[in-house]
Amino acid sequence: MRFELFVALRYLFAKRGQAFISVISWITVAGVAVGVASLIVVMGVMNGFTTDLRDKLIGVTAHSIIFPADGRATDDPELLQEIASVPGVTGATPFTYSELMLSTRSGFKGIVLRGIDPQTAPDVLGVLTRITHGSLADLADTEGLPGIVIGRDLARKLGLYVGARVNLLAPSGQQSSAGFNPKIKPFRVVAIFSIGLFEFDSTLAFVSLPAAREAMGWPAGFITGIEIAVNDVYKAKEISNAVIAKIGPSSYYAHTWMDMNSQLFAALQLEKTAMAVLLTLVVLVGSFSIITALVMLVMDKTRDIAILMSMGATTRAIRNIFMAEGVIIGFMGTAIGFLLGLTTCFLLGKYQFIKLPEGVYSVDYLPVLLQWQDVALIGAGAMLICFVVTLYPAGQAAKLEPVDALRHE
């Protein structure tokens, strides 16, 4: 063991006459630990919320949407195969989009109606895998009334269930002497989904492509665009550009999930950054206690420092003793903070004992997702702060003159 480290450990775990200084050192360790643990937990929760929201939004809107440049597109199986052949694309499905009214005995509700292909859509839209009642396969049933899939909150609001009859009021009606008469198309509820976002669970509905065209009065083969899924959501832009380059840059353009939700995720990132800055100040305040502890230790150990220097210890060795003590305090605080923070994140993720109001947030518990980059940055930042604050008291200790220190002994 190096001489400087040996002396630093003896000073840190002082007993009897130096017990007060030792207590201050342990309080400093606790301050750093609380700050580090808070940073880890908050970063984990913020990452969990962002990832959960991202997955749910992507489950509704797909990773990327290909639109025709002229606003007119037709359902072309060969085009879908061409898109699916692009490296990185894992699925492609046509869709239609419209807004209309849904009517039941319990009232009216404005909804967003999506026409989908029941065969290919589940490979692209995660929401279609979140069916809680009924079956998506019944959407393709051509016997009797066409099927419709609705959200959980919409079903609750209008008292609907699987098998219930609803009417869609489309704007493709007729003008008469009595006014405009909307086109009324009856449907049968075949499934109910729950994505966990009230905005979609209360307004979104799915029908088959033929049923959507018939309800809206669109021609056969009409689609709004093509939704695609990719193997890496953070490379959606690059993969979409490759798709557009293959099928025709002048005929199509793409919107990725990041384009459609850029403001929301920018706000979440800003909130995460703000929380990180605030909690870093907690670590900083805790680390400043290291200065207090080291200054008091230098004042208490003035005679010891003078004796060490008289015996041949260099100013660099004296400086290293107190720097080592500060780094040890910082390391212990960071290690304990890591233990507390990681344990808390594990317990939050496994037992979910902190519940959130249902319908207010996208989840009913605190989601936790730890990323090794954040954890490594927290550890490195805490150790750097603890190292920097040791420079002043260690420099003051190294400036002591042995003669002045021993003059009154």
Can you tell if the side chain of L136 reaches within under 4.5 Å of the side chain of V190, non-hydrogen atoms only?
no
Step-by-step side chain to side chain contact (heavy atoms under 4.5 Å, CB included) determination, L370 to L342
CA-CA 9 Å; L370 289 176; L342 295 177; 3.4 Å; yes
Please check: side-chain N/O of D52 versus main-chain N/O of G48, any donor-acceptor pairing under 3.5 Å?
no
Does atom CZ of F67 have more than 12 heavy-atom neighbours, drawn from other residues, nucleotides or ligands, at distances under 6.0 Å?
yes
Can you list every side chain to side chain donor-acceptor pair (under 3.5 Å) pair that touches residues 80-92, not counting sequence neighbours?
S85-K246
Is there side-chain contact between E227 and L125, with at least one heavy-atom pair below 4.5 Å?
yes
If you define the side chain from C-beta out and look only at heavy atoms, does anything of L53 sit under 4.5 Å from L197?
yes
To the nearest 0.5 Å, atom OG1 of T96 lies from atom CG of D117 at 11.5 Å
Is a side-chain donor or acceptor of T390 paired with a backbone partner of G326 at a separation under 3.5 angstrom?
no
Cation over ring face, R114 and F95, 6.0 Å, 45°:
yes
Looking at F338, I'd like to know if its CZ atom is crowded, meaning that more than 12 non-hydrogen atoms belonging to other residues, nucleotides or ligands lie closer than 6.0 Å.
yes
Where is the tightest heavy-atom contact between I223 and P94, given as atom of each residue plus distance?
CG2-CB, 3.8 Å
Heavy-atom check, side chain of L100 versus side chain of M216, under 4.5 Å
yes
Between V327 and M383, is there a side-chain heavy-atom distance shorter than 4.5 Å?
yes
Side chain proximity check, F206 to L204, heavy atoms < 4.5 angstrom
yes
Assess whether atom CZ of F108 is packed by more than 12 heavy atoms of other residues, nucleotides or ligands within 6.0 Å.
no
Inspect the surroundings of CD in Q373 and state if more than 12 heavy atoms from other residues, nucleotides or ligands are less than 6.0 Å away.
yes
Which value, rounded to the nearest 0.5 Å, describes the distance between I244 atom CD1 and I239 atom CD1?
13.0 Å
Measure across K185 and E214 and return the closest heavy-atom pair with its distance rounded to 0.1 Å.
NZ-OE2, 2.9 Å
In sequence, state the C-alpha distance, the side-chain angles, and the governing distance for F387 and M323, and then conclude on side chain to side chain contact (heavy atoms under 4.5 Å, CB included).
CA-CA 7 Å; F387 171 76; M323 288 177 63; 3.2 Å; yes
Heavy-atom distance under 4.5 Å between the side chains of I247 and L79, does that happen here?
yes
Taking only Lys NZ, Arg NE, NH1 and NH2, and the carboxylate oxygens of Asp or Glu, determine whether R188 and D138 approach each other closer than 4.0 Å.
no
For the residue pair P122 and P118, what are the closest heavy atoms and their distance?
CD-O, 3.3 Å
Look up atom OG in S64 and atom CE in M258, then write down how far apart they are to the nearest 0.5 Å.
9.0 Å
Under a 3.5 Å distance rule, please check whether D201 uses its side chain to pair with a backbone N or O of I195 as donor and acceptor.
yes
Residue pair A205 / I148: nearest heavy atoms and the distance that separates them:
CB-CD1, 3.9 Å
Between F187 and the options V207, V149, L145, the side chain to side chain contact (heavy atoms under 4.5 Å, CB included) test singles out V207
Exam field: side chain H63 to backbone V230, donor-acceptor pair closer than 3.5 Å:
yes
Taking all heavy atoms of L169 and all of S103, pick out the closest pair and write down the distance.
CD1-CB, 3.5 Å
With distance as the sole test, does D259 use its side chain to make a donor-acceptor pair with the main-chain N or O of T256 at under 3.5 Å?
yes
Taking everything shown except K157 itself, do over 12 heavy atoms lie less than 6.0 Å from its NZ?
no
Can you tell me how far the CG atom of L113 sits from the CD1 atom of I150, to the nearest 0.5 Å?
12.0 Å
Using the benzene-type ring in the case of Trp, are the ring centres of F200 and F193 under 6.0 Å apart?
no
Evaluate Q352 against L366 for side chain to side chain contact (heavy atoms under 4.5 Å, CB included), listing each step before the verdict.
CA-CA 7 Å; Q352 302 173 0; L366 279 182; over 6 Å; no
Rounding to 0.5 Å, atoms OG1 (T104) and CG (N167) come to a distance of 9.0 Å
Give a yes or no answer on whether the side chain of W257 reaches the backbone of V233 with a donor-acceptor pair at less than 3.5 Å.
yes
Hey, can you tell me if W218 and F222 have their rings parallel, tilted or perpendicular (30° and 60° cut-offs)?
tilted
Has E199 got more than 12 heavy atoms of other residues, nucleotides or ligands less than 6.0 Å from its CD?
no
For the pair T74 (side chain) and D76 (backbone), establish whether a donor and an acceptor sit closer than 3.5 Å, ignoring hydrogens and angles.
no
Mind listing the closest non-hydrogen atom pair of I131 and A191 along with its distance?
CG2-CB, 4.0 Å
Testing the 3.5 Å rule here: is there a donor-acceptor pair between the side chains of T120 and D123?
no
Okay, side chain of T203, backbone of I111: is any donor-acceptor separation there less than 3.5 Å?
no
In this structure, CG of L128 is separated from CG of L139 (nearest 0.5 Å) by 8.5 Å
Check each of I291, I329, L384 against V389 using the side chain to side chain contact (heavy atoms under 4.5 Å, CB included) test, and report the only one that passes.
I291
Got I378 and V36 here, is their nearest side-chain heavy-atom distance under 4.5 Å?
yes
Does V368 form a side chain to side chain contact (heavy atoms under 4.5 Å, CB included) with M43? I'd like the steps, not just the answer.
CA-CA 9 Å; V368 178; M43 290 298 100; over 6 Å; no
Is there a donor-acceptor pair closer than 3.5 Å between any side-chain N or O of T132 and the backbone N or O of I192?
yes
